[in-house]
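Notes to accompany the following structure.
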Amino acid sequence: MKQNEFKKRRLELMRQVGKGNIAVIASASNQTRNRDVEYPFRQDSDFYYLTGFNEANSLAVFIPGREQGEYIIFCQEFDEKKALWEGAHAGLEGATKHYEADDSFPISDIDDILPGMLENKAKVFYPMGRNGELDHQILEWISYLRKQSRNGTNAPGELVSLEHILHEMRLIKSAAELRLMRKAADVSCKAHTRAMQYCKPGLYEYQIEAEIVHEFMDNGLKYVAYPSIVAGGKNACVLHYIDNKDKLKKGDLLLIDAGAECDHYAADITRTFPVSGCFRPAQRRLYQLVLDAQYAAIEQIKPGVSWNKAHEASVEVLTTGLVELGVLKGRVSKLIKDEKYKQFYMHKIGHWLGMDVHDVGDYKVDNEWRLLEPGMVLTIEPGLYIPLDCKTVDAKWRGIGIRIEDDVLVTKKGYEVLTDALPKEIDEIEKLMQAN
Ligand code: GLY
Ligand code: MN
Ligand code: MN
């Protein structure tokens, strides 16, 4: 991502924060795994969105109209020893030179410098309640300033959530963001295709997971956007199954929910296919029903349509189909009203997608489902999950879990499926798998 993109975002943020106010946001911190070993670092999405700065132990400050510079980074000073053991880091000079901060200071001096920046500001915008340490620091700094009031300084009187501004911005994707999301989507499609081609009975779920990760990394994407779900047979009925440790059985379906991350942007794809390459009759019927529900939901996507329309379309198709198959009994409208489908379809149709897999942005505005706008990206992922011990349905349906998930961009005229390259029609999947 070019620096100019980050700059545009900062200018927009500062326009909304307004002169006389200040915004503060902290980076993610390193998390210890054990002793001196850390978990892989992943920058805080909001912080990265505004700075492109990929270091822990940093803090960005935005002060619209400040003469000495509006954008300030606090970070670790350059340290030869750290560079030797851990590798490159920007240091104060790098923060201004490469990340275009107007000013930079050592993070260790923050308690001496930041209160002065808060002085005489009316409002402090920050991500409230998300980072206990920052919450605490801000209150400490304000309390310090209050004690100075006899010297004629004013402490900020209002704390405002930064997220509202920032998350509305993040909800609408720019061309530069979409380029990264397309790459994440394309590589993830390739990884799912590879998994379908590689899959056979007797392999373990984690061996399929390894194929997926191999394809991500082979294409330059080092990180998964979320832990991959590789769930054979009944494991697919556990919505967030990530153990990925069982042996794949002939006759079972395999549900894979996996997506790569490309420079902090996620893909999120699910496919369900037969371990042996050929759907059994009951699997085929349930699969086609989920696929029909997915098509019906995607067809709803266009600007001006309520977020919930796609969900409603999926509920209608799934409930009607389940009645036709004898899985649900009763009148469709009554079953929908009583939410009887929820025992087999217990989640919503999808979610916003972006830097976070479950991305930011409100789903309701003034208590009404939000209307779609060009540049929003969402997943469409209906599913059916029939537990093994579900005595109310015929045995042939039990233990089957199916989800089909694609990533959809709202365009000016309607939609574009970013993950369209990956087969999902029954014939296409069988052909691909049997070609090996
Ligand atoms: N992969 C998580 C989800 O589909 O929401
Ligand atoms: Mn998913
Ligand atoms: Mn999803």
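Just so you know, these numbers use all the heavy atoms, side chains as well, and skip hydrogens, waters and symmetry mates. In listed order, ligands and their atoms are each counted from 1.
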Any N or O of E381 closer than 3.5 Å to N or O of ligand 1: yes
K183-N219 side chain donor-acceptor pair, cut-off 3.5 Å: no
Where ligand 1 meets H358 - atom numbers and elements under 4.0 angstrom, heavy-atom basis: 2 (C), 3 (C), 5 (O)
Ligand 1 to H351 polar contact by distance, N or O atoms, under 3.5 Å: yes
H240 and Y226: side chain donor to acceptor below 3.5 Å: no
Which atom of E381 approaches the Mn ion (ligand 3) most closely (N/O/S): OE2
Main-chain N/O of E316 paired with T319 side-chain donor or acceptor, under 3.5 Å: no
Do any side-chain atoms of residues 275-283 form donor-acceptor pairs under 3.5 angstrom with protein atoms, and if so which ones, sequence neighbours left out?
{"residue": "Q283", "atom": "OE1", "partner": "R280", "partner atom": "N", "Å": "2.9"}
{"residue": "Q283", "atom": "NE2", "partner": "G251", "partner atom": "O", "Å": "2.7"}

Side-chain donor-acceptor contact under 3.5 Å, H167 with D46: yes
Salt bridge flag under 4.0 Å for residues R9 and E5: yes
E405 neighbourhood, listing ligand 1 atoms whose heavy-atom distance to it stays under 4.0 Å: 4 (O)
Of all N/O/S atoms in H351, the name of the one nearest the Mn ion (ligand 3): NE2
Whether E405 has an N, O or S atom under 2.8 Å from the Mn ion (ligand 2): yes
Flag if over 12 foreign heavy atoms under 6.0 Å of NZ, K82: yes
D257 neighbourhood, listing ligand 1 atoms whose heavy-atom distance to it stays under 4.0 Å: 1 (N), 2 (C), 3 (C), 4 (O)
Name, closest N/O/S atom of D268 to the Mn ion (ligand 2): OD1
